[in-house]
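Presented below is the structure to which this report refers.
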Number of protein chains: 2
Amino acid sequence: MPTVSSEELATAAGVNSAKLRKDFSYLGSYGTRGVGYDVEYLVYQISRELGLTQDWPVVIVGIGNLGAALANYGGFASRGFRVAALIDADPAMAGKPVAGLPVRHTDELEAIISDNGVSIGVIATPAGAAQQVCDRLVAAGVTSILNFAPTVLSVPEGVDVRKVDLSIELQILAFHEQRKAGEDSPSPAAPAAAARSGAGVRSSASRKGPDGDVPAVMPA
Amino acid sequence: MPTVSSEELATAAGVNSAKLRKDFSYLGSYGTRGVGYDVEYLVYQISRELGLTQDWPVVIVGIGNLGAALANYGGFASRGFRVAALIDADPAMAGKPVAGLPVRHTDELEAIISDNGVSIGVIATPAGAAQQVCDRLVAAGVTSILNFAPTVLSVPEGVDVRKVDLSIELQILAFHEQRKAGEDSPSPAAPAAAARSGAGVRSSASRKGPDGDVPAVMPA
DNA sequence: ATGCCTTTGTGAACGCGTGCACAAAGATGG
DNA sequence: CCATCTTTGTGCACGCGTTCACAAAGGCAT
Ligand SMILES: NC(=O)c1ccc[n+]([C@@H]2O[C@H](COP(=O)([O-])OP(=O)(O)OC[C@H]3O[C@@H](n4cnc5c(N)ncnc54)[C@H](O)[C@@H]3O)[C@@H](O)[C@H]2O)c1
Ligand SMILES: NC(=O)c1ccc[n+]([C@@H]2O[C@H](COP(=O)([O-])OP(=O)(O)OC[C@H]3O[C@@H](n4cnc5c(N)ncnc54)[C@H](O)[C@@H]3O)[C@@H](O)[C@H]2O)c1
């Protein structure tokens, strides 16, 4: 029976072994003292706890550069996610196949969500359309949203939103990069914690950019 | 002079106003009591602290579906980042223009990094090539990496890596989704903190998938 | 069966980020 | 010039996650 110790796993993952054991203990402690964890059983337990034993239908809204790349990405299917439909507002795209699936028009959004029991939606539209799309998804029954548009979405309680903002990722890297360069005294005691916040800071009078995309943090 | 109070900003960002003030205090506290913060000056200070006053040349390695989408993304330029070059290993792509830039072959990687003073690199290659690409980037002088390949990169001290793993984002959503559904007793005291870790858990004997992409968490 | 060795599971202490609450500072109006 | 009002800057305490450290448990060899 193939087993792994918490120490091996911790080293591989780059975390503390005690933390890993404590985390595992929350799902029922199925290790054997003196031996470790049964790999197969452990994987099953974690998969089950994470909700990976069922497969989740997801819809991708906004089939542009990014949306198409996501649709073509094989990593979803292998992790228990199934792309139920690709949705775009552009009538010219309707019916056109992307990654083997025909693009559906936004008009069908509610029906698609409902028919497929979709509870997870991916938004890859321009920022200007994101909130509107979000509202429709939520109204149709979606309760989890992965947002790629650079906007803070407001949703009713009970709906989870995760935001992926590539610009912010780069900004965080640039922040640390700058620190490496100026090794003298760029704000002595700043705990770098501020760099972790995903929330964008805007003035109360801020406006969106010309194309409704990427709210500018800098004035010019 | 347009100003904002910490309370306004905090509400907009969805955070506590005290936290926001304390964060600002790390960069020198330039607010005026009874009034608030001068918007323009505050934006400048934050931009400077974040390293946004200079523009950072970046290279994107792996111009496939995702890499091309990134190259076409306008959000980088507007935040102070400049795509210095697009790099791919496929000889057929060399010279072909993507988003207005000619794709350069991997052979030129070191020269490109050096000539442009690039310190930030984006990896969008298949997972199997990521570590190798990473090593070359680092050897050439890159000290910050944004990694889209589903692999944990190992880098020498002093090099920052940020990983964007879309599958994990979806898994986190699915995890919470599952909780909403089974409202009875799915592991009573699990603090949901485990879902935040970005580290992938693999058995010590794990192998990559057939195409060297997406290390499978589940056995089958 | 007994003793030894390995590794788990977890109580307790530590460290750190977050939020509260308030004194000090400055603007504003009389 | 003084009173009052608003908002900052921050000391302090609370809560939570992380880490240490170790007793208990189980395997394994003798
Ligand atoms: N391309 C990237 O690498 C990248 C990176 C980070 C963030 N983003 C963000 O992701 C979003 C999409 O980026 P992109 O490069 O794919 O843009 P894109 O312009 O190529 O694609 C946008 C797509 O959304 C569709 N669309 C517009 N309004 C819609 C609506 N109301 N309902 C449904 N579909 C609608 C358009 O028809 C188009 O196909 C943008 O918000 C962008 O800021 C993109
Ligand atoms: N497409 C997505 O939405 C998506 C989402 C999440 C993660 N990812 C990850 O991003 C990576 C790229 O995804 P993709 O869909 O663009 O794949 P892709 O196959 O379309 O593109 C990969 C590109 O990398 C190039 N490449 C291969 N080896 C290279 C090397 N050694 N040096 C330089 N270039 C090399 C290939 O020529 C190809 O152009 C993968 O690791 C994938 O798992 C993609």
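All chains are named by letter (A, B, ...) in the order of the sequence lines, taking the proteins before the strands, and each is independently numbered beginning at 1. We use all heavy atoms of the structure for the numbers below, so side chains are in, but hydrogens, waters and symmetry mates are not.
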request  = Report the distance from atom CZ of Phe24(A) to atom P of dG9(C), rounded to the nearest whole Å.
outcome  = 10 Å
key: For Tyr30(B), side-chain hydrogen bond (donor to acceptor under 3.5 Å, both in side chains) partners two or more places apart   = none
request  = Using atom CG of Leu27(B) as one end and atom C1' of dT8(D) as the other, report the distance to the nearest whole Å.
outcome  = 14 Å
request  = Have a look at Ser6(B) and say if it touches a base, only the backbone sugar-phosphate, or nothing, with a 4.0 Å heavy-atom cut-off.
outcome  = sugar-phosphate
ask   = Does dG9(C) have OP1 or OP2 sitting under 4.0 Å from an N or O in the side chain of Ser25(A)?
value = no
Length of the OH-C1' vector between Tyr37(B) and dA25(C), whole Å = 13 Å
task = Applying salt bridge (Lys or Arg N to Asp or Glu O under 4.0 Å), name anything that partners Arg21(B), two or more places apart in sequence or on another chain.
result = none
Protein-nucleotide distance (Asp23(B), atom CG; dT10(D), atom P), rounded to Å = 13 Å
request  = Using the test side-chain hydrogen bond (donor to acceptor under 3.5 Å, both in side chains), find all partners of Asp135(A) that sit at least two apart in sequence or belong to another chain.
outcome  = Gln131(A)
inquiry  = Testing Val61(A), Asp160(A), Leu153(A) one by one against Ile145(A) for a side chain to side chain contact (heavy atoms under 4.5 Å, CB included), which residue passes?
reply    = Leu153(A)
Test salt bridge (Lys or Arg N to Asp or Glu O under 4.0 Å) applied to Asp38(B) - qualifying residues, sequence neighbours left out = none
remark   = Taken to the nearest whole Å, CD/Glu8(B) to C1'/dT6(D) is 12 Å
message = For Glu169(A), is there an ion pair with Lys163(B) - N to carboxylate O distance below 4.0 angstrom?
response = no
Lys19(A) side-chain N/O to dT18(D) phosphate OP1/OP2 under 4.0 Å = yes
message = Applying ring pair (Phe, Tyr, Trp, His ring centres under 6.0 Å), can you list everything that pairs with Phe148(A), at least two apart in sequence or on another chain?
response = none
ask   = In whole angstrom, what separates Lys22(A)'s NZ from dG9(C)'s P?
value = 12 Å
ask   = If you pin Ala18(A) and Asn16(B) to their nearest nucleotides in DNA chain C, which one's is more 5'?
value = Ala18(A)
remark   = When rounded to whole Å, the CZ to P distance for the pair Arg21(B) and dA25(C) reads 16 Å
key: Under 4.0 Å protein heavy-atom contacts per nucleotide of nucleotides 25-30 of chain D, with B for base, S for backbone only and - for none   = BSS---
request  = For Glu110(B), check salt bridge (Lys or Arg N to Asp or Glu O under 4.0 Å) against everything at least two apart and list the hits.
outcome  = Arg136(B)
query = When the distance from CG of Leu20(A) to C1' of dC20(D) is rounded to whole Å, what number comes out?
reply = 16 Å
Protein N or O to nucleotides 1-4 of chain D N or O, pairs below 3.5 Å:
none

ask   = Can you name the residues that form a side-chain hydrogen bond (donor to acceptor under 3.5 Å, both in side chains) with Gln132(B), not counting sequence neighbours?
value = none
